[in-house]
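Beneath this line is the structure, given in structure tokens, with notes to follow.
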Number of protein chains: 2
Amino acid sequence: MTRETEYMKIALDLAEKAREMGEVPVGAVVVFENRVIGKGFNKRESAQSPLSHAEIEAISEAAAYLKSWRLEDCELYVTLEPCIMCSGAIVQSRIPKVYFGARDPKAGGVRSLYTLLEDERLNHRVEVVEGILAVESAELLSGFFREIREKQKLSKKQSESGNLE
Amino acid sequence: MTRETEYMKIALDLAEKAREMGEVPVGAVVVFENRVIGKGFNKRESAQSPLSHAEIEAISEAAAYLKSWRLEDCELYVTLEPCIMCSGAIVQSRIPKVYFGARDPKAGGVRSLYTLLEDERLNHRVEVVEGILAVESAELLSGFFREIREKQKLSKKQSESGNLE
């Protein structure tokens with residue numbers, strides 16, 4: 001396993017943790033000098049916070065660890081393409097390199113809807129590597145949403161049969 | 001004073017608080033049912049967090065108050081045009097209406113560089129009102145940066161005269 005795959009695997013394990021909690025499964029880590037100094041997974045529902053995306057949690061932990069808002073010598077690994085908010089947070093924290101797994105065609109701010117990390121007008125640009133463990137990341141997400149749809153179908157059926165009684 | 005100006009005045013007072021702490025002076029409030037339920041000012045330096053923009057602080061407080069990540073019946077007032085990260089956070093939190101003071105030509109994500117709050121591809125769109133107390137907001141910022149430049153000039157002069165001794 002390459003170094004990059006190893007870190008993405010840790011992010012994927014964090015995404016799995018989110019799934020177990022009923023959260024959309026996305027995980028992220030911040031790496032500094034070959035060590036993970038920030039971990040995060042999506043906990044929007046459990047924290048009831050619109051800001052609790054995996055990347056935000058990982059960046060927050062890394063900044064606290066380094067006691068600095070500048071994460072200039074760090075790399076971020078995230079299983080899903082960052083949204084607009086998280087892309088902005090990556091620029092704000094001056095992270096020079098981001099690895100992401102699967103694309104997010106509906107909300108991605110790095111490749112899908114925008115290329116925010118490479119905007120020449122901003123005071124910071126980020127190198128982007130995509131596709132590491134992309135299949136695993138995407139399957140974790142599609143499995144999660146499939147399960148939700150099935151549960152919804154089941155509860156709809158149950159309430160319909162309830163109505164007929 | 002209109003209702004809108006009153007709330008922006010509270011945001012401006014928060015920006016002044018940031019200035020007193022040596023932070024780039026930006027302030028924000030989240031309003032729900034005619035009450036301020038979230039306040040924030042930029043504290044990137046004092047918190048050493050890349051995420052500590054005024055809007056993020058205010059949104060975080062409001063979500064904690066409502067115990068919900070959905071700020072669907074809230075308005076956000078901020079003295080400066082939101083950056084990309086904060087524009088994304090506004091979309092994530094489903095805030096339907098944003099008022100901002102001055103434009104930020106170098107980093108603004110609402111009017112200057114992007115129009116992120118009105119992107120039809122995203123699952124949430126935001127009504128934008130700009131220009132409330134814009135002159136006051138811009139003057140607070142330009143005064144702050146002028147002061148910094150003067151201090152830098154002075155310390156450069158002092159170190160040069162020190163070198164000559």
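Since the model is a prediction, treat every value here as computed from it, not as a measurement. By convention in this document, chain letters (A, B, ...) are assigned in the order of the sequence lines, proteins followed by strands, and residues within each chain are numbered from 1.
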Atom group of Ser60(A) that falls short of 4.5 Å from chain B, counting heavy atoms: both

Option in Pro50(B), Ala63(B), Ala107(B), Ala64(B) with maximal non-hydrogen atom pairs under 4.5 Å from chain A: Pro50(B)

Approximate separation, where rounding is to 0.5 Å, of Lys106(B) NZ and Leu122(A) CG: 12.0 Å

Structural part of Ile90(A) lying under 4.5 Å from a heavy atom of chain B: neither

Phe32(A) reachable from Leu76(A) in the ILVMFWY side-chain graph, under 4.5 Å edges: yes

Same apolar cluster: Val126(A) and Tyr114(B), side chain cutoff 4.5 Å: yes

ILVMFWY cluster, Leu71(B) and Val98(B) together (side-chain gap under 4.5 Å): yes

Shortest non-hydrogen contact from Trp69(B) toward Gln48(A): N-OE1, 3.0 Å

Top contributor to chain B interface from His53(A), Arg121(A), Gln92(A), Arg44(A) [non-hydrogen pairs under 4.5 Å]: Arg44(A)

Structural part of Leu113(A) lying under 4.5 Å from a heavy atom of chain B: both

Shared hydrophobic cluster for Val129(B) and Leu133(B) (ILVMFWY, side-chain gaps under 4.5 Å): yes

Smallest separation among heavy atoms of Ala89(A) and Leu51(B), with atom names: CB-CD2, 3.8 Å

OH/Tyr65(A): more than 12 non-hydrogen atoms of other groups inside 6.0 Å: no

Which portion of Ile56(B) sits near chain A, non-hydrogen atoms under 4.5 angstrom: both

Rounded distance [0.5 Å steps], CD1 in Ile84(A) versus SG in Cys86(B): 13.0 Å

